[in-house]
2 protein chains.
Amino acid sequence: MTETFKDVFKEKEISPSYTRKRIYEYLEQSKNHPTVDKIFKSLIDELPTLSKTTVYNVLKLFIEKGIVKMVNIKSSEMRYELNEYDHSHFKCTTCGTIYDIPKIIPQYNKDDISGFIVNEEEVNLMGVCPSCQHNLVIETKKEKKNGRNKTIF
Amino acid sequence: MTETFKDVFKEKEISPSYTRKRIYEYLEQSKNHPTVDKIFKSLIDELPTLSKTTVYNVLKLFIEKGIVKMVNIKSSEMRYELNEYDHSHFKCTTCGTIYDIPKIIPQYNKDDISGFIVNEEEVNLMGVCPSCQHNLVIETKKEKKNGRNKTIF
DNA sequence: GTCCTTGCAAAGCGTTTGCACAGAA
DNA sequence: TTCTGTGCAAACGCTTTGCAAGGAC
């Protein structure tokens, strides 16, 4: 379960360069579906010569080897996560954060898509996360105090 | 049910320019979730002065008025569709075509996402469409004929 | 030596912005 | 006249490509 990067890299035949190790470990700790830019900015202090090209190269390799997955929910920029366990996603439409939630298995009538071969199923929920609800309540209170009036939704 | 663009535009207070009419009608006929480029290329013969900016402008207006929705399944480019009836999507990973399929309503335990407000649910299926399965079979037959051997998947 | 990893610089591509012209009201 | 729709040109942001330098083996 708690595999180190060494085990994973060995199993997938990825030569363990320091840059690859750090990008892998960053994905492992920060469970926030980072963008390339986020990964780059988070590691540039530690790896001063790092370039975005390298981040792209390493992620591409990880995806080919099956240890990383792209995440793309209603957005133009790609996000990345370790391909560890199956789960679904909740995207907060206020702050843009993507949360992992327990896997939702869609139920549907096979006859509706007869002739189609299904290899992958994806369920995404969109809405407002607890943190943003909290901020909205504070905003609303402020506005009431200022004489305005506004419901949360 | 079969509303004309006139009814829709009147209801949504969209002034019915010819360009808007044609973009709306294109979305209405071609149920293929077109990209901006697809729309542009499809209408440029008929509207020789059309620009992509205008396509973007019109789609942005339609989205604000709620008559068009963006579709974005595992891709960097946006696709568009009329916001007519609720449905789910199947994306063919071979040819990239997105098919409308009957709405799949995800079933999940509310306790799993307690504290989160869900405003939208999305189910996407990915796989191989009938047309691409057909082509793969033909390809495989050709390859067998040529002495090679390759399974479909 | 060869192979692989890295990274600069440039290009590519979809999208947005600034602005100006023309036609409608 | 003012407002609105359109569209050129440029900018922008994310991603990919070409290629070369440096290090590993």
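Bear in mind that the values here come from a model prediction, so they are computed numbers and not experimental data. Residue numbering restarts at 1 for every chain, and letters A, B, ... go by the order of the sequence lines.
Of the candidate nucleotides C:dT6, C:dC4, C:dT15, C:dT15 has the atom nearest to the side chain of B:Glu77. In the set C:dT6, D:dT4, D:dT15, D:dT4 carries the atom at the smallest distance from any side-chain atom of B:Ser15. With distances taken from any side-chain atom of B:Ser51 to the nucleotides D:dC14, D:dG7, C:dT15, the minimum falls on D:dG7. If you check D:dT16, D:dT6, C:dG14 against the side chain of B:Val58, the one that comes closest is D:dT6.
The NZ-C1' distance, from B:Lys52 to D:dA11, rounds to 16 Å in whole Å. For the pair B:Asn72 CG and C:dG14 P, the interatomic distance rounds to 14 Å; values are reported in whole Å. With rounding to whole Å, A:Arg20 atom CZ is found 10 Å from C:dC4 atom P. Rounded to whole Å, atom C1' of C:dT16 lies 16 Å from atom CG of B:Leu61. In this structure, the NZ atom of A:Lys38 is 19 Å from the P atom of D:dG13, given to the nearest Å. Atom pair B:Tyr18:OH and C:dA24:P shows a separation of 15 Å (rounding to whole Å applied). Note: CZ (B:Phe9) to C1' (D:dG5) measures 13 Å, nearest angstrom. For the pair A:Lys21 NZ and C:dT5 C1', the computed distance is 17 Å after rounding to whole Å.
Counting any heavy atom pair closer than 4.0 Å across all strands shown, A:Thr54 reaches a base atom. Within 4.0 Å of A:Asn57, counting heavy atoms only, lies at least one base atom of the nucleic acid. Nucleic acid contact class of A:Ser76 (heavy atoms, under 4.0 Å, all strands): none. If you check every strand for non-hydrogen atoms under 4.0 Å, B:Thr53 touches a base. Using a 4.0 Å heavy-atom cutoff across all strands shown, B:Thr35 reaches no nucleic acid atom at all.
A donor-acceptor pair under 3.5 Å is formed between the side chain of B:Ser30 and the backbone N or O of B:Tyr26.
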(request) Give the C-alpha distance, both sets of side-chain angles, the deciding distance and a yes or no for side chain to side chain donor-acceptor pair (under 3.5 Å) between A:Glu81 and A:His87. (result) CA-CA 11 Å; A:Glu81 66 178 5; A:His87 57 265; 3.1 Å; yes

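Neither OP1 nor OP2 of D:dG5 sits under 4.0 Å from any side-chain N or O of B:Ser17. Between A:Tyr56 and D:dT16 there is no side-chain N or O to OP1 or OP2 distance below 4.0 Å.
Taking 4.5 Å as the limit, every side-chain heavy atom of B:Val123 sits out of range of all side-chain heavy atoms of A:Glu122. A:Leu82 places a side-chain heavy atom less than 4.5 Å from the side chain of A:Tyr24.
Under the 6.0 Å distance and 45° angle rule, B:Lys60 does not count as a cation-pi partner of B:Phe62.
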